[in-house]
Each structure stands twice: as C-alpha cells, then as structure tokens.
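Computed from a prediction, not measured in an experiment: that's the story for all the values here.
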Amino acid sequence: MTAIGFASFNIGVGSCYGAFGALVLELERMFQADRTVMGLVLAIVALTHGILAPVIGHLIPRTGIRPMMIFGAVLTSLGFAGLAVAQSSFALLAIYGLLIGPGTALMGTLPVMTLLSNWYDRGQGRMIGVALMPLLVTVTPIMTVWLLPIFGVEGILLGLAAITALLIPFQILIVDRPEQLGLDPVGARKSAGGGGQDVLPTVTVRDLLRNPVLIAMATGAGIVAGSGVAKTSHLVPVLVEQGWSLETSALLLSVSGATGILGSIMFGAAADRWKAATTLAMGAFIQMAVWWILIIPASFGLLLIDAVIFGICGGGLISAKAVLVRRIFGRANFAFVSGFSSLISIPFLFLMSPTAGYLRDTTGSYVVPLLTIIALLAVAGLLNMAIVRTERRSLAQNAPMAALA
C-alpha cells in the first residue's frame, strides 16, 4: 500500500507541479498568456484540491479509496493528452481546473494519507513521509528541460499522459483497510472495539467550524502550502529576471524536489517523536527566513541553500500535518477532518500565486510579492505554535481528543 501510494502521489505531483515549473515559459508562449494567467494555473489546481478535499473525505468511507484513485488517474491522463492539442489560454485553465486538478486530487495526497492512516497506528508519520516523498518533483523539471528540444511541448505532455495511465494496473491492487484482510493496523492498540479503531464521536461541519484548533491548523497549513505553490509557479521567472539561465532555474527546482524527499521523512519522523505542531511552526519560520534570499542579490550558493531548505520544509508539511490531525481528531475522523481543513485553506492556495503575479506585473518587480509572502509565513508559524498546548494535552491522555474537547 505504501508503494502504490508513493507511485500515485509522485506521478500526480511530478506531472502537475514538477513539469509545470519547467514548462511555464514554454506554455506561456504556446498559449499566448501573460504572467498573471500562468500564475492562475497552479492556483486553480490548488483551488480544485481544496474544494474537492472535503468531498473526498466524505466519499472515502462510502466509495472506497481504490476506485477513487483509479478515476483520478484516468482524469489526469486525459487532461495532459488534452493539453497537447489545446490552443487557447481558456482551454489551458479549463483543463487544469476540470481534469488535471480533480484527477490529481483523487489520486493524490488525501486518499494516500487516509490509506496509510488506515494501515499504520505506530509510525504513521514516517510511513506517510515515505509515501509522500516528492521523488518525481526532483526528476521531472530537469528531465523536462532535457527532453524539450527533442520532443517539444506536445510530446512532453503526451508522455505525461501515458505515464499516468500506466498507474492504473497497480491501483487496482489497493486494499483500503487491513481489516479487509483480517489484519490489524501496524502497532494498533488492542481494545474492545478491535483493530485499533478510535472510539470517538463523529465530527460534523458545525463542530469543525467552531473549533479554533482546526481553524488555526488549516490557516497555517494553507499559508505554507500557498507559498509553495507561489514559489513553484514563480521561481523560474524570478531567477530568469535576475539573469540566471533556464537550466540553472530548473536545476534549483530539482534540488528542492530532492530535498523534499528528505523533508517528507524528517518532518514525519519528528512529528511522530515530538510535537507535530512545533514541527510545523519551525518549518514556517525557517521558510520565512530563506525567502529573503530571493530578494537580496544572491549568489548561486545562497540560491542553493534556499532550494534545499524550501524543499525540506515544503516536503515535510503534509506528513507532519497528518500526524497532528490524527492525534487531535483520531483515525475515524481523519479523512473528513483532513478534507475539511483543506477547504479552509483554499483562499491561500488559490490567491497567493496569482496575487504574486499580479503584484509583479503592477510593480515591475518581485520585491513586494516576496515581502508579502514572508509576512504571511510569520503568521503561519505563530498559528502553529498556538496549537502546541492542545497537542500536548492529547499526547498526555495517550488518546485522540474529541473535536469538542
């Protein structure tokens, strides 16, 4: 299950985010779009992920993870095939919003996290970290730059469609829960309920809307994730405007992807061993500091440091947040709470990238948008620090807290 989750997440993220970061200038020319429109592309993907997350969380217990992930792979594959023949910026946005965005949501983060949350009670953060290692985000940008002169944009897009379609035979092997095979989750505590399942009341939308811990967690995660979307969309244009080559910019994107692999495991393990909220707060504060590197006249060495730290902190967000949700709300509520929290994060995921593009177009430089993102990351760090006491209380009780506690 970990291997299938790893493949599904990586192909979805690598094709959607990794390839787009390297193709953004080519797509801009191909579809005759301006920088604001290109900034909207990944923002629309993030928007569809946020809108669909609570729907996915609601449907997982009813439809199952396996059919959902297969359907996601079909949509994503059709989306990349459609991009190869599309001719307008409207078609570009529509395909990402209606096919690639929903497809990568259905085969990506939330279904994979829920699958592994079902299979692991002990070491959940580490195993989610392994499955969510962004390996293809490392490889895809630089491979795209190398293959672009050979196959062109259309050939790259058709290749991404084919690779995604090849996932489906493996996704057919998914088993949603170990109980379906007569097994317990790894490290499950035996109880009268059996299987290590949490005995907690089912949370409702009203419960979550009134829960300040959920609001703070979702807002902080939204800011950090939105800054990552903005950086993926704008890093290459920022560096090209500073005089760096496309190849160097793509290399730095790849470095971020490579260190994201390390960050996914590091943050997951840190959240397992210590406090997930503290881990998330430190990640936000560290990212806030390194964003300054893109403002000052930086050497390649400093840019490399920025890429490494951005990758580690960005790659670790999801696994650490998953541990926090599991500790506070429990296994039974994991999918629904994770999905609903993503809905609250939508404004940051959707607005930060196109706003950065708009501010750059109106001011003529990236200084103002970068300073805005730095300030928001400070807020995210403080919000996560505010959750530490709630998580500490949950750990002291050695059991998840009810949503209304």
Side-chain angles (χ1 to χ4, degrees), residues 1-10 13 108-138 178 184-189 196 198 217 220-221 224-225 228 255-287 289-290 305 307-331 334 337-338 341 380-381 384-385 387-400:
M1 297 307 106
T2 304
I4 296 170
F6 171 84
S8 296
F9 171 78
N10 264 272
V13 171
T109 307
L110 182 53
V112 171
M113 288 195 307
T114 305
L115 178 66
L116 296 182
S117 181
N118 288 342
W119 276 86
Y120 289 90
D121 251 22
R122 185 182 66 245
Q124 177 205 19
R126 287 188 293 274
M127 298 315 298
I128 289 178
V130 168
L132 301 187
M133 290 188 302
L135 179 62
L136 286 187
V137 177
T138 307
D184 289 326
V186 176
R189 296 184 300 272
D198 300 319
M217 178 181 66
V224 174
V255 169
S256 291
T259 53
I261 297 172
L262 180 61
S264 183
I265 299 175
M266 285 175 57
F267 272 59
D272 277 337
R273 185 168 182 179
W274 298 296
K275 295 180 184 65
T278 303
T279 303
L280 289 168
M282 292 303 101
F285 288 137
I286 292 169
Q287 286 193 72
V290 298
I305 291 172
V308 168
I309 294 178
F310 169 63
I312 290 175
C313 295
L317 168 67
I318 299 174
S319 55
K321 182 192 171 189
V323 174
L324 185 61
V325 171
R326 179 69 139 72
R327 282 178 179 167
I328 295 176
F329 295 96
R331 177 186 173 197
F334 179 83
V337 174
S338 295
S341 71
N384 281 301
M385 289 301 297
I387 305 172
V388 170
R389 192 168 80 169
T390 300
E391 185 184 4
R392 184 186 298 120
R393 206 162 70 231
S394 179
L395 287 170
Q397 296 172 0
N398 197 30

- Task: Would you mind checking if Glu391 and Lys275 are paired as a salt bridge, meaning a charged N to carboxylate O distance below 4.0 Å?
- Result: no
- Minimum side-chain heavy-atom gap Thr2-Tyr120 below 4.5 Å: yes
- Message: Tell me the closest heavy-atom pair linking Ser338 and Leu110, and the distance in Å.
- Response: CB-CD1, 3.5 Å
- Message: Please list all pairs meeting salt bridge (Lys or Arg N to Asp or Glu O under 4.0 Å) that have one or both residues in residues 123-134, counting only residues at least two apart or in different chains.
- Response: Arg126-Asp272
- Item | Under the side chain to side chain contact (heavy atoms under 4.5 Å, CB included) test, residues paired with Ala271 that sit two or more places apart | Ala276, Ala320, Val323
- Message: I'd like to check the side chain to side chain contact (heavy atoms under 4.5 Å, CB included) partners of Ile309; sequence neighbours left out, ordered by chain and number.
- Response: Ile286, Val290, Ile305, Cys313
- Message: Go through it in stages, so that I can follow the logic: the residues are Met113 and Leu132, the test is side-chain contact (heavy atoms from CB on, under 4.5 Å), and I'd like the CA-CA distance, side-chain angles, deciding distance and then a yes or no.
- Response: CA-CA 8 Å; Met113 288 195 307; Leu132 301 187; 4.0 Å; yes
- Message: How long is the straight-line distance from CZ of Arg393 back to CD1 of Ile328, given to the nearest 0.5 Å?
- Response: 9.0 Å
- Query: Side-chain contact, heavy-atom cut-off 4.5 Å: Ile318 with Phe267?
  - Reply: no
- Write down the atom of Gly381, the atom of Ala281, and the distance for their closest heavy-atom approach. O-CB, 3.5 Å
- Thr109 versus Phe9: any side-chain heavy-atom pair under 4.5 Å? yes
- Message: Measuring only between side-chain heavy atoms, which start at C-beta, is Asn118 closer than 4.5 Å to Met1?
- Response: no
- Going from CG on Leu324 to OG1 on Thr390, what distance comes out if it is rounded to the nearest 0.5 angstrom? 9.0 Å
- Task: Kindly indicate whether the side chain of Ile387, heavy atoms from C-beta on, has any atom under 4.5 Å from the side chain of Asn384.
- Result: yes
- With sequence neighbours excluded, residues passing side chain to side chain donor-acceptor pair (under 3.5 Å) with Thr114: none
- Looking only at heavy atoms, what is the nearest atom pair of Phe329 and Met217, with distance? CE1-CE, 4.4 Å
- Note on the structure: The complete set of side-chain hydrogen bond (donor to acceptor under 3.5 Å, both in side chains) pairs with one or both residues in residues 307-321, sequence neighbours excluded, reads Lys321-Ser341
- Note on the structure: Between Asn10 and Ala131 the two heavy atoms that sit nearest each other are ND2-O, 3.9 Å
- Message: Are Met282 and Met385 packed together at the side-chain level, in the sense that at least one heavy-atom pair is separated by less than 4.5 angstrom?
- Response: yes
